[in-house]
Amino acid sequence: MKNITEKIRQQIKDVVLGSIHKSIENEELPSLDITDILIEIPREKGYGDFSTNVAMQITKVAKKAPRQVAEIIIRNIDVKDTYIKKVTCAGPGFINFTLDTKYLYDAIEIIKEEKEQYGHINIGNGKKVMVEFVSANPTGPLHMGNARGGALGDLIASVLDAAGYDVTREFLINDAGNQIVKFGTSLEARYIQLIKGADAVPFPQDGYQGEDIAEHMKDFIEIHGDKYLDVDSEERRKVFVDFALPRNLGKIKEGLESYGIHFDVWFSEQTLHKGNDVAETIQLLKDNDCTIENEGALWLKGSVIGSEKDEVLVRNNGIPTYFAADIAYHRNKFEKRGFEWVINLWGADHHGHVARMKAAMTAIGISPDKLDVVLFQLVRLYRNGEIARMSKRTGKSISLMDLVDEVGKDAVRFFFNNKTSGSHLDFDLDLAVKQSNENPVFYVQYAHARICSMLKLLESEGVHVPSVKDANLELLDKEEEFELIKKLSEYPDEVRISAETLEPSRLTRYVLEVAAAFHSFYNACRVRGEEEQLVKARLILVDCTRIVIKNVLDLLSISAPDRM
RNA sequence: GUGCCCAUAGCUCAGCUGGAUAGAGCAACGCCCUUCUAAGGCGUAGGCCUUGGGUUCGAAUCCCCAUGGGCACACCA
């Protein structure tokens with residue numbers, strides 16, 4: 001649970017704040033109030049290892065030019081007992097810090113010590129958080145939206161877990177409401193058509209056209225025959241749904257498992273209706289004077305949700321809307337199950353629902369700050385430079401399973417997490433299957449395989465990765481070695497930022513950088529055949545690289561092959 | 001019509017709560033395998049950060065306007 005970058009940041013903060021206070025005492029700076037400062041890693045190596053812009057930020061209250069402020073801070077700074085070796089003033093007033101390379105050797109020790117735990121931090125303090133994602137419509141197969149939401153949601157959950165939260169992954173089964181009714185009428189129509197011919201009954205206009213509907217009924221007929229032809233419509237639709245829905249769910253579960261996603265909870269929407277959740281929530285809204293009756297329906301007042309329009313909660317046929325159920329669902333998450341933080345992943349087409357949902361939460365007395373909705377843009381697939389809609393294999397619209405079959409789980413998970421959730425994602429099917437340097441997944445996996453085969457070869461010659469205390473890490477002093485260690489040392493910080501921003505796509509980019517730093521190192525520095533002490537030190541570095549790449553890929557649920 | 005998101009190299013994208021000369025990868029071009037995996041490395045070239053205003057010591061980043069894309073506005077979920 002050690003984070004060297006965090007430690008250094010703290011050191012810099014302490015010495016800078018100390019210096020500012022001292023400068024105030026000296027009356028070199030006027031009295032001013034400052035508690036936190038920004039520490040960043042400069043892009044340019046020439047600017048040192050870390051830098052702060054604090055001098056420019058307090059320039060106004062200090063009533064001095066930024067460079068002048070910076071010089072005062074530097075003059076009064078005390079870097080005793082820190083990693084800081086050199087402090088300089090540069091540019092418009094940046095204060096740059098150059099560190100003793102000892103911090104890099106300490107970083108290596110931490111990696112070797114924590115191994116597969118390296119990168120786990122504790123900013124969550126065991127806080128109970130639910131990540132609800134995919135929650136696909138169970139009336140059909142998983143589509144591209146589910147695929148992206150799945151990859152993203154699972155990674156967010158993994159990151160939060162690594163950041164010290166108590167994470168629950170949840171899938172909401174939408175097994176209530178209109179889409180189930182439509183599912184039933186669609187199944188019913190196909191059932192009759194299959195037995196009595198395509199013209200026997202018209203297919204419902206808004207029904208599900210997919211062939212899977214007919215396939216369910218073909219299988220059903222094989223087992224039960226035509227005995228449901230004479231059964232009451234409502235009753236047999238229920239039978240059909242009860243037959244087909246579990247089959248779909250089974251396929252969804254299977255598909256998600258092969259995609260590397262495992263849910264802790266499969267939550268049935270029906271239980272909200274069957275239990276008291278929906279009724280209680282509606283009553284609560286009524287009690288809070290948030291509702292109004294009109295045209296035989298019950299509405300949530302627009303004023304409550306900051307809208308000009310009221311929203312229907314209970315239809316004039318007495319059936320609650322999805323919105324009502326969703327409010328109840330969120331009340332259930334927080335109040336009945338005690339989650340302190342909930343993250344929902346929704347396709348961008350649901351963005352209009354976010355403000356409504358948060359406002360509704362306020363209306364039932366739950367702070368909307370406890371809910372985060374991560375919206376992700378939808379996906380377009382490309383093949384041969386054109387938008388691809390159909391699966392090569394099945395000829396039907398491309399499902400998650402088709403995608404995984406065509407390009408493999410690793411590529412899919414990598415590609416979907418390589419871009420920020422807010423950006424539209426064009427998925428290049430040709431690129432994803434290419435086993436070449438054009439394909440970033442293979443670049444990373446290759447680095448890992450290269451390391452493993454290297455370690456294996458040396459091992460076969462009796463050279464093993466030593467423990468840190470048996471090696472002299474200070475022999476690692478080449479530029480490429482420093483760059484690699486620096487990259488490795490940043491990993492806990494990457495996890496922290498990913499967790500704080502709920503934007504973990506930076507991790508795929510990070511692991512690419514690690515791989516690149518390793519490949520550079522590999523070309524510049526040999527291990528095998530070097531002098532014994534140097535071999536030891538470099539072996540440790542190589543092993544640390546292996547650990548970090550493996551840890552990131554594990555988080556991403558992408559395999560880290562030993563050889564390729 | 002109202003609202004939300006997006007616009008950065010030829011292509012796909014980064015750019016953290018405003019900061020130093022705007023960064024990667026791919027594609028292009030030129031080098032590097034008698035030595036641990038060349039699925040690799042090193043280098044070159046490539047930019048009016050969509051237009052126009054504003055705030056600031058300082059803007060790709062914040063605000064407004066325009067343009068061009070995507071999406072949402074149901075007694076659907």
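Sequence lines set the chain letters: A, B, ... in the order given, protein chains first and strands last, and positions in each chain run from 1.
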ask   = Hey, are E500(A) and R496(A) close enough for a salt bridge, meaning a charged N less than 4.0 Å from a carboxylate O?
value = yes
Whole-Å C1' distance, C33(B) and G41(B) = 11 Å
request  = Determine the contact category for N96(A): base if any of its heavy atoms lies under 4.0 Å from a base atom, sugar-phosphate if only primed atoms, P, OP1 or OP2 are that close, otherwise nothing.
outcome  = base
C26(B) versus G46(B) - spacing of their C1' atoms, nearest Å = 13 Å
C1' gap between A59(B) and C76(B), integer Å = 44 Å
Qualifying residues under side chain to side chain contact (heavy atoms under 4.5 Å, CB included), relative to R356(A), sequence neighbours excluded = I305(A), E311(A), F323(A), H353(A)
task = Please state how far atom CD in E513(A) lies from atom C1' in C13(B), giving the value in whole angstrom units.
result = 13 Å
key: Interatomic distance where CG belongs to L507(A) and P belongs to A14(B) [whole Å]   = 14 Å
request  = Hey, which sits more toward the 5' end of RNA chain B by its nearest nucleotide, I39(A) or S520(A)?
outcome  = I39(A)
query = What pairs of residues pass the side chain to side chain donor-acceptor pair (under 3.5 Å) test when at least one of them lies in residues 530-542 of chain A, not counting sequence neighbours?
reply = E481(A)-R538(A)
task = May I ask you to evaluate whether S423(A) reaches the phosphate of A14(B), defined as a side-chain N or O under 4.0 Å from OP1 or OP2?
result = yes
query = Within 45 degrees of the axis of the six-membered ring of Y208(A) and under 6.0 Å from its centre: does K182(A) put its NZ or CZ there?
reply = yes
message = Generate the contact string for nucleotides 71-77 of chain B. Rules: B means base contact, S means sugar-phosphate contact only, - means no protein heavy atom under 4.0 Å.
response = BSS-BSB
ask   = Would you call K333(A) and E132(A) a salt bridge, using N to O less than 4.0 angstrom?
value = yes
inquiry  = Using whole Å, what does the distance between atom P of nucleotide C4(B) and atom CH2 of W346(A) come to?
reply    = 17 Å
Set of side chain to side chain contact (heavy atoms under 4.5 Å, CB included) partners for A176(A), sequence neighbours left out = E269(A), Q270(A), H273(A)
ask   = Does K487(A) pair with E490(A) as a salt bridge, N-O distance under 4.0 Å?
value = yes
query = What nucleic acid atoms does T59(A) come within less than 4.0 Å of, heavy atoms only: base, sugar-phosphate, or nothing?
reply = nothing
query = Taking CG from L512(A) and P from G41(B), how many angstroms apart are they, rounded to a whole number?
reply = 11 Å
query = So, do V441(A) and T508(A) sit near enough that their side-chain heavy atoms are less than 4.5 Å apart?
reply = no
inquiry  = Could you tell me how far apart Y510(A) (OH) and G25(B) (P) are, to the nearest whole angstrom?
reply    = 17 Å
inquiry  = Going by the rule side chain to side chain contact (heavy atoms under 4.5 Å, CB included), which residues pair with T271(A) if we only count those two or more places apart in sequence or in a different chain?
reply    = F267(A), S268(A)
query = Which value, in whole Å, describes the distance between the P atoms of nucleotides C63(B) and C5(B)?
reply = 10 Å
inquiry  = Measure CD/Q445(A) against P/G40(B) and give the value in whole Å, please.
reply    = 13 Å
task = Once you apply the 3.5 Å cut-off to both distances, tell me the Watson-Crick or G-U wobble partner of A28(B), or none.
result = U44(B)
inquiry  = Counting only heavy atoms from other residues, nucleotides and ligands, does the tally under 6.0 Å from CZ of R315(A) exceed 12?
reply    = yes
task = Let me know, please, whether H519(A) or T52(A) comes out on the 5' side of the other along RNA chain B by nearest nucleotide.
result = T52(A)
query = Is R450(A) positioned over the aromatic face of F518(A), cation under 6.0 angstrom from the ring centre and no more than 45 degrees off axis?
reply = no
task = Specify the glycosidic conformation (syn or anti) of C31(B), with syn defined as within 90° of 0.
result = anti
task = Take the protein atom CD of E40(A) and the nucleotide atom C1' of G18(B), then report the distance between them rounded to whole Å.
result = 10 Å
Watson-Crick or G-U wobble mate for G3(B), both contacts under 3.5 Å = C71(B)
ask   = Considering only the C1' atoms, how many Å lie between A22(B) and A9(B), rounded to the nearest integer?
value = 11 Å
request  = Could you work out the separation of G23(B) and G30(B) based on their C1' atoms and round it to a whole Å?
outcome  = 23 Å
key: C1' spacing across the pair C32(B) / G68(B), given as an integer number of angstrom   = 45 Å
message = I need the CD-C1' distance between E503(A) and C16(B), as an integer number of Å.
response = 11 Å
task = Determine: side-chain N/O of T420(A) to OP1/OP2 of C13(B), distance under 4.0 Å, yes or no.
result = no
ask   = For atom P, what is the distance between G47(B) and C42(B), given to the nearest Å?
value = 23 Å
message = With a 3.5 Å limit on both atom pairs, tell me what G23(B) is paired to, counting Watson-Crick and G-U wobble, or say none.
response = C13(B)
task = If a protein heavy atom is under 4.0 Å from the base, mark B; if only from the sugar-phosphate, S; if neither, -; do that for nucleotides 31-37 of chain B going 5' to 3'.
result = ----BBB
